[in-house]
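Here the structure is laid out as structure tokens; the discussion comes afterwards.
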2 protein chains.
Amino acid sequence: MPRNKRDIDAQLKRDHIVAQATRLWLAHGFDDTSMAAIAREAGISPNTIYWYFAGKDDLLVAAMDRITPELAQGYVLSGLPTALERLTWLITQLKTYNPLVQAIHARLAHSEVVRVWHERYHQALERLLTAHLLKQGVPPERAPLMATVGTFVFEGLLSHPHTQAQQHAILAWMAEGR
Amino acid sequence: MPRNKRDIDAQLKRDHIVAQATRLWLAHGFDDTSMAAIAREAGISPNTIYWYFAGKDDLLVAAMDRITPELAQGYVLSGLPTALERLTWLITQLKTYNPLVQAIHARLAHSEVVRVWHERYHQALERLLTAHLLKQGVPPERAPLMATVGTFVFEGLLSHPHTQAQQHAILAWMAEGR
DNA sequence: ACCTGAACACCGTTCAAGT
DNA sequence: ACCTGAACACCGTTCAAGT
């Protein structure tokens, strides 16, 4: 994307800001990490962030855009054999990023960029699940519905406390594709 | 609960504050309705709210505590014959209160009172679904799991946009108890 | 017991000015 | 093009003082 040295530097700095924001958000939560704190950590003045990002929500989306390809790659590379193992791997990873996932949902009502990002994310997850369900032998007219249900259950697991046993039972139920 | 005239007046005023807060939150959202705005509408000064409530989160919980018994009563009184109709009724009602439901989830990470309330709410909903599933003939060892899944799907429906047809298909799937 | 005016500490964001 | 110091408008909450 960057075309010359200048653009590369700008890209690097942008990425540095995103990295610091992500680190602080994961450590202290989205709401409890101010733009001032992010700027301090990145070694710039607070308003400089606004040169690179339209606002805190845009910074959040940039953070997610950095994480998700990594996750997708890891998902493929993991090469786990069973559906249950793959689902468990995915939810374990997503839990790592839970403060950001939470923030995405909390900002949904207030921010258009977040809304757009979330929409895309859901579609990607549903595509993944639909493909899996079809391979599992679920009838094609039923698969999309069950994929939507699957994403809801997945989100429920992410946002609610539960025991390891409960998680296992629910993921096993999902893997079954029933 | 109130023991004398003085307590009754205090109770009425408390309720008046909750009513105004609920009205404004439903109209403009939780975050976009300041304590000052609620006080203005209730005809008191902002800090007077803090005489009756520990904070904005406590006011939110009080609002939910006012709504849920009404909902539970309406659920029973509706006397709808089929599970699908009852689920549809329930989600239609809950959608009416969506700004408050959203706020509950958004405040989960920040407020202990909200966390406690949410926990109770989930347990109540799961009990409702478990009872329904058992009546539907679902094996007892499977019912609690499916009830948890059901609440996740229910919450997913509440917090994500979808067509009427999608909602119907998902609720029908839930009513089936599969 | 109940209520208030004024202030506090903080927030995301913007402005005017610099290089 | 990039960065900053200072300010803005606002927020939930608290304090000191009243009745």
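Chain letters run A, B, ... following the sequence lines, proteins first and then strands; every chain starts at 1.
Rounded to the nearest Å, the gap between the P atom of dC2(D) and that of dA17(C) is 22 Å. Comparing dC10(C) with dA9(D), their C1' atoms sit 12 Å apart, to the nearest whole Å.
Comparing Ala54(A) and Asp32(A) by the nucleotide of DNA chain C whose heavy atom lies nearest to each, the residue mapping closer to the 5' end is Asp32(A).
When the P atom of dT13(D) is taken as reference, atom CG of Leu59(B) falls 10 Å away, rounded to whole Å. Taking atom CG of residue Asp57(B) and atom C1' of nucleotide dT13(D), one finds them 12 Å apart after rounding to whole Å. Rounded to whole Å, the distance from CG on Leu12(B) to C1' on dC2(C) is 16 Å. To the nearest angstrom, C1' of dT13(C) lies 5 Å from OH of Tyr50(A). For the pair Lys56(A) NZ and dC11(D) C1', the computed distance is 14 Å after rounding to whole Å. The CZ-C1' distance, from Arg14(B) to dA1(C), rounds to 16 Å in whole Å. A straight line from NE2 of His110(B) to C1' of dC11(D) spans 14 Å, rounded to a whole angstrom. Atom-to-atom, NE2 of His16(B) to P of dC3(C) comes out at 11 Å; the value is rounded to the nearest Å.
Side-chain contact between Glu155(A) and Glu155(B): absent, with no pair of heavy atoms (C-beta onward) separated by less than 4.5 Å.
Across the strands present, dT4(C) finds its partner in dA16(D); the criterion is a Watson-Crick or G-U wobble pair with both atom distances under 3.5 angstrom.
Considering only side-chain atoms of Ala10(B), the nucleotide from dC2(C), dT13(C), dT14(D) that sits closest is dC2(C). Each of dA1(D), dG12(D), dT4(D) was ranked by its minimum atom distance to the side chain of Thr48(A); first place goes to dT4(D). The nucleotide whose nearest atom lies closest to any side-chain atom of Ser34(A) is, among dT14(D), dC3(C), dC11(C), dC11(C).
Among the atoms of the strands shown, none is found under 4.0 Å from any heavy atom of Phe53(A).
Remark: side-chain polar atoms of Gln136(B) are paired, donor with acceptor, to backbone N or O of Ala175(B) under 3.5 angstrom.
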Subject >> CA sep, side-chain torsions, deciding dist, call: Thr82(B), Glu85(B), side-chain hydrogen bond (donor to acceptor under 3.5 Å, both in side chains) >> reply: CA-CA 5 Å; Thr82(B) 70; Glu85(B) 283 172 295; 2.9 Å; yes
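Aromatic ring centroids of His105(A) and His105(B) lie 6.0 Å or more apart.
Contact annotation: Trp51(A) side-chain N/O to dC2(D) OP1/OP2 distance is under 4.0 Å. For the OP1/OP2 pair of dC2(C) and a distance below 4.0 Å, the side-chain nitrogens and oxygens of Lys13(B) include no atom meeting the criterion.
Rounding to the nearest 0.5 angstrom, the gap separating the CE atom in Met174(B) from the OG1 atom in Thr151(B) is 8.0 Å.
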